[in-house]
2 protein chains.
Amino acid sequence: MDIQLKRGLLDVCVLASIKNEDSYGYKIIKDMKPYLELSESTLYTILKRLEAANMLTVRSIEHEGRLRKYYHITDEGLNRIREFKYDWEEILAIHQFITREDSENE
Amino acid sequence: MDIQLKRGLLDVCVLASIKNEDSYGYKIIKDMKPYLELSESTLYTILKRLEAANMLTVRSIEHEGRLRKYYHITDEGLNRIREFKYDWEEILAIHQFITREDSENE
DNA sequence: GTGTGATACATCGTAGCACGAAGTATATCA
DNA sequence: TGATATACTTCGTGCTACGATGTATCACAC
């Protein structure tokens, strides 16, 4: 998928992938992969951005000798997902504009 | 609408707005306005990019003392719109991923 | 015990892109 | 005479996704 097209979806997708259950970087990438592929460097940038925006919180947990950073969504993060629904209405309208055929034009 | 979300839609939207009928900058902005607002500087950047990518051709026409640059879509431009339909399938899947509720998770 | 691949996170530089600001120029209407 | 609409252009800025590279542990094979 085109990079530009991904941009607006990425943040919300990451939030959606931790919405139901706290998760960590490596797992988020795997969960999103069927829908939207992203590199590690991209994800960690996004996670930092979302943390700075108070949309998620982090806690480090030792797991089998390795460190894992678990991300937890905040109320603001949940709001961001809710607000996406309004964006989605606009996207649907844009989609119609793009795919419309010329029948009755001015 | 969020800038990031617009990015992937803009190019295709501009192509769609000249698909049925040649058009010029100022008119394109007005036609798109109900769906997607964009500034003049943005549009003219996009038009140049699409021209460089052979997705449209330009011809200047004098209209009431002012110059107008009419843009005409090429076959490659039409292809770009057709290909968007595949992207759209992916977007729909992503939308489902984002809005899904936790009922049966792994 | 040594190599390979998976897991896990981090940093840096780059390039694409949308935008605001500012500019040029003409026509219309108050 | 000045405001508003039309019409196109250029410049600088800031955001962001990505590849490249690095660090470190664990499991498994050979």
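Every chain is numbered from 1, with letters handed out A, B, ... down the list of sequences. Just so it is clear, the model here is predicted, and its values are computed rather than measured.
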Any salt bridge linking B:Asp31 with B:Lys27? Criterion: basic side-chain nitrogen under 4.0 Å from a carboxylate oxygen.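 Yes, this pair counts.
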Quick test of your reading of the model: are B:Arg49 and B:Asp11 salt-bridged, counting only N-O distances below 4.0 Å?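 Answer for the salt bridge query: yes.
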[X] [atom1] to [N] [atom2], straight-line distance once rounded to whole Å:
X       : N      : atom1 : atom2 : value
B:Ile29 : C:dA18 : CD1   : P     : 13 Å
A:Glu40 : C:dT7  : CD    : P     : 10 Å
B:Ile28 : C:dA18 : CD1   : P     : 15 Å
A:Arg7  : C:dC19 : CZ    : P     : 12 Å
A:Lys6  : C:dC17 : NZ    : P     : 15 Å
B:Lys69 : C:dT26 : NZ    : C1'   : 17 Å
B:Asp2  : C:dC19 : CG    : C1'   : 13 Å

List in numerical order all residues of residues 45-62 of chain B for which some heavy atom is under 4.0 Å away from an atom belonging to DNA chain D.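 Those residues whose heavy atoms fall under 4.0 Å from DNA chain D, taken from residues 45-62 of chain B in numerical order, are B:Lys48.
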Under 4.0 Å, counting only non-hydrogen atoms across every strand here, what does B:Arg68 touch: a base, just sugar-phosphate, or nothing?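 Contact class for B:Arg68: sugar-phosphate only.
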Touch class at under 4.0 angstrom, heavy-atom based, for B:Gln4 against every strand present: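 Counting heavy atoms under 4.0 Å across all strands, the contact made by B:Gln4 is with sugar-phosphate only.
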CD/A:Gln96: more than 12 non-hydrogen atoms of other groups inside 6.0 Å: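 Open: at most 12 neighbouring heavy atoms sit under 6.0 Å from CD of A:Gln96.
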Using the ring of B:Phe84 (Phe, Tyr or Trp, six-membered ring only), decide whether B:Arg82 places NZ or CZ under 6.0 Å from its centre and within 45 degrees of its axis.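 Relative to the ring axis of B:Phe84, which defines the angle, B:Arg82 lies outside at least one limit.
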Honestly, is A:Arg68 close enough over A:Tyr70, meaning NZ or CZ under 6.0 Å from the six-membered ring centre and within 45° of the axis?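 Judged by the rule, A:Arg68 and A:Tyr70 form no cation-pi pair.
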Check: [X] side chain, [Y] main-chain N or O, donor-acceptor pair, under 3.5 Å:
X       : Y        : answer
A:Ser60 : A:Lys69  : no
A:Lys6  : A:Glu37  : yes
A:Lys19 : B:Arg100 : yes
B:Thr45 : B:Ser41  : yes
B:Thr99 : B:His95  : yes

N/O-N/O pairs, protein side and nucleotides 27-30 of chain C side, under 3.5 Å:
residue: C:dA27; atom: O4'; partner: B:Arg66; partner atom: NH1; Å: 3.2

Please find the earliest and latest nucleotides of DNA chain D, in the 5' to 3' direction, that have an atom within less than 4.0 Å of any heavy atom of chain A.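 Taking any atom under 4.0 Å from a heavy atom of chain A, the span is D:dC15 to D:dC26.
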Please tell me which of A:Leu67 and A:Ser41 maps to the more 5' nucleotide of DNA chain C, matching each residue to the nucleotide holding its nearest heavy atom.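 Result of the comparison: A:Leu67.
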Under a 4.5 Å side-chain heavy-atom rule over Ile, Leu, Val, Met, Phe, Trp and Tyr, are A:Met1 and B:Val12 clustered together?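 Yes, one cluster joins them.
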Measure from the side-chain heavy atoms of A:Tyr44 and tell me the nearest of C:dG16, C:dA18, C:dA8.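 Per side-chain heavy atoms of A:Tyr44, the pick is C:dA8.
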